[in-house]
Amino acid sequence: GALTGVAVIHHPLAYQTLFNLWRQFEGALGGAQRAADYNVYWGAGGLVDSVIDVTHNVVVPFAADHIGGTWGFLNTDATAGAGSFDARPTVLTLTDFGCVAPLNTFGTVGAPVSGVIACTATTPYQLSQTAVPGTVAEFSGTPADAQTHAPSAGLGFAMYMPGNVFMFELPPGGTVPAQGTVWSLRTYIGAIQGGNGDPGNEGPYQFTPQPRTMSAVGASFSVDYSVTNAFVATADSNLNRVHPVPDPYYVTDQFEQSTENKVIKFVNLPTDAIIRIYSLSGVLVRVLEHHSSGSSEELWDVRNRNGQIVGSGVYFFHIEAGGARRVGRMTVVNFAQ
């Protein structure tokens with residue numbers, strides 16, 4: 001890409017423009033990387049009014065004392081304190097971000113950022129909302145090249161965007177963007193192969209996408225959906241799951257609140273069903289009608305059509321639902337009353 005009024009955009013990438021040591025730095029910033037389009041709105045005198053994540057429709061917050069899901073400028077005057085990796089307090093390089101929190105103390109066993117761009121400064125470097133051009137130097141090869149690379153012909157400044165650092169070198173005599181200027185940036189989640197960088201010509205660019213992380217601070221989701229409910233005729237196979245609980249019924253069960261209130265449940269019923277209960281001799285004992293879309297259970301109080309508690313024995317139940325039918329049997333054990 002290119003920007004009007006900018007001579008060089010320096011964006012170091014491990015394996016592409018730098019050797020693999022830089023991947024420690026990229027790994028530390030990986031949690032803040034997001035797939036998004038950004039707009040940077042310039043105000044007067046190098047002040048940026050706002051940075052907008054257009055993709056997620058959120059404002060990217062400015063932070064002076066740390067980097068993360070934020071943005072900020074790193075100017076040469078902010079690196080005057082000794083202790084940076086490049087040991088050049090009057091020259092700004094992107095290794096100076098190693099002295100910005102939390103990278104100044106960031107480290108894990110085996111792959112610490114401090115092993116690549118160590119910082120010994122007692123006070124972390126601060127970021128600014130205003131770009132102030134100063135002496136800068138790009139570097140290639142290894143991060144150590146930042147310690148000796150000659151200063152650039154034009155002045156410049158560095159900028160942090162979520163998960164990425166950039167150096168902008170202005171042409172000799174150039175100035176910061178005019179008020180009303182808008183810079184745009186597109187970042188990705190994935191891997192890029194190819195290109196002609198410091199490791200040499202690796203052929204055409206190839207992009208391998210990866211699942212997008214949700215790392216946009218303040219973003220929200222809105223989901224629209226529609227549901228169509230349909231009642232279909234009950235088939236015989238649908239009634240195979242209907243059965244009484246408990247079976248056998250032995251005097252009482254966990255559903256009952258007292259000895260006078262007996263309960264057997266028929267479960268897994270369709271919305272509409274008729275349950276007929278017969279004695280072993282074929283006498284109709286009870287008819288239960290089930291009509292409920294909110295419950296698939298129907299209760300039998302273990303009484304006959306005259307309100308009397310039925311005696312012990314084997315009973316048959318007949319389930320009718322639409323055109324579907326099913327016959328089953330159950331056992332009841334009761335004390336005589």
Considering non-hydrogen atoms only, spot the tightest contact between [X] and [Y] and give its length.
| X | Y | answer |
| --- | --- | --- |
| Arg34 | Thr187 | O-OG1, 2.7 Å |
| Glu26 | Ala14 | OE2-N, 3.0 Å |
| Ala219 | Met214 | CB-CE, 3.0 Å |
| Cys119 | Gly98 | CB-O, 3.3 Å |
| Pro143 | Trp22 | CG-CE3, 3.8 Å |
| Val285 | Ser279 | CG2-N, 3.6 Å |

Taking the side chain as every heavy atom from C-beta outward, state whether [X] and [Y] have any atom pair closer than 4.5 Å.
| X | Y | answer |
| --- | --- | --- |
| Leu13 | Leu18 | no |
| Asn268 | His243 | yes |
| Arg212 | Thr55 | yes |
| Phe25 | Leu103 | yes |
| Gln126 | Asp65 | yes |
| Met330 | Ile277 | yes |

How many angstroms lie between atom [atom1] of [X] and atom [atom2] of [Y], to the nearest 0.5 angstrom?
| X | Y | atom1 | atom2 | result |
| --- | --- | --- | --- | --- |
| Asn57 | Ser220 | CG | OG | 8.0 Å |
| Asp272 | His291 | CG | NE2 | 5.5 Å |
| Leu29 | Ile67 | CG | CD1 | 5.0 Å |
| Tyr188 | Thr208 | OH | OG1 | 13.5 Å |
| Arg276 | Phe317 | CZ | CZ | 14.5 Å |
| Gln129 | Leu47 | CD | CG | 6.0 Å |

Checking side chain to side chain contact (heavy atoms under 4.5 Å, CB included) for the pair Leu299/Ile264: CA distance, chi angles, key distance, verdict? CA-CA 6 Å; Leu299 305 184; Ile264 293 177; over 6 Å; no
Derivation and outcome, side chain to side chain contact (heavy atoms under 4.5 Å, CB included), residues Val263 and Asn261: CA-CA 7 Å; Val263 174; Asn261 296 312; 5.6 Å; no
Using the side chain to side chain donor-acceptor pair (under 3.5 Å) rule, pick out the option among Asn306, Asn304, Asp301 that qualifies with Arg286.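 Passing option: Asp301.
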Shared ILVMFWY cluster between Ile274 and Tyr278, side chains joined below 4.5 angstrom? yes
Please say yes or no: joined through hydrophobic side-chain contacts below 4.5 Å, possibly via intermediate residues, are Leu155 and Phe139 part of one cluster?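 No; tracing contacts between hydrophobic side chains, which count when under 4.5 Å, never links both residues.
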Given the rule in the side chain to side chain contact (heavy atoms under 4.5 Å, CB included) test, do Val217 and Asp53 qualify, once you have shown the distances and angles that lead to the verdict? CA-CA 10 Å; Val217 177; Asp53 178 340; over 6 Å; no
Looking only at atom types and distance, does a side-chain atom of [X] sit under 3.5 Å from a main-chain N or O of [Y], one as donor and one as acceptor?
| X | Y | value |
| --- | --- | --- |
| His290 | Ser296 | no |
| Lys262 | Trp300 | no |
| Arg305 | Leu284 | yes |
| Asn104 | Pro124 | no |
| Arg325 | Gly322 | yes |

Donor-acceptor pairs are to be reported for all side-chain atoms of residues 165-179 against protein atoms at under 3.5 Å, with residues two or more places apart or in another chain.
| from | atom 1 | to | atom 2 | distance (Å) |
| --- | --- | --- | --- | --- |
| Glu169 | OE1 | Ser152 | OG | 3.4 |
| Glu169 | OE2 | Gly154 | N | 3.3 |

Do Glu320 and His318 get their side chains close enough for a donor-acceptor pair, meaning under 3.5 Å?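 There is no such pair between these side chains.
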Any side-chain donor paired with an acceptor under 3.5 Å for Ser312 and Asn334?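 No donor-acceptor contact under 3.5 Å links the two side chains.
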I need the single residue from Phe62, Tyr41, Tyr38, Tyr160 that forms a ring pair (Phe, Tyr, Trp, His ring centres under 6.0 Å) with Trp71. Which is it? Phe62
Please tabulate, for side-chain N and O atoms in residues 2-12, each donor-acceptor pair with protein atoms closer than 3.5 Å (sequence neighbours left out).
| from | atom 1 | to | atom 2 | distance (Å) |
| --- | --- | --- | --- | --- |
| His11 | NE2 | Asn164 | OD1 | 3.2 |

Show me the donor-acceptor pairs, under 3.5 Å and distance only, between side chains in residues 72-91 and residues at least two apart or in other chains.
| from | atom 1 | to | atom 2 | distance (Å) |
| --- | --- | --- | --- | --- |
| Asn75 | OD1 | Val132 | N | 2.9 |
| Asn75 | ND2 | Thr130 | O | 2.9 |
| Thr76 | OG1 | Thr135 | O | 3.3 |
| Thr79 | OG1 | Thr76 | O | 2.9 |
| Ser84 | OG | Asp86 | OD1 | 2.8 |
| Ser84 | OG | Asp96 | OD1 | 3.3 |
| Asp86 | OD1 | Arg88 | N | 3.0 |
| Asp86 | OD2 | Thr93 | OG1 | 2.6 |
| Arg88 | NH1 | Ala146 | O | 2.8 |
| Arg88 | NH1 | His149 | O | 2.8 |
| Arg88 | NH2 | His149 | O | 2.8 |

Test log, rule side chain to side chain contact (heavy atoms under 4.5 Å, CB included), inputs Leu280 and Phe316: CA-CA 7 Å; Leu280 187 62; Phe316 292 98; 3.5 Å; yes
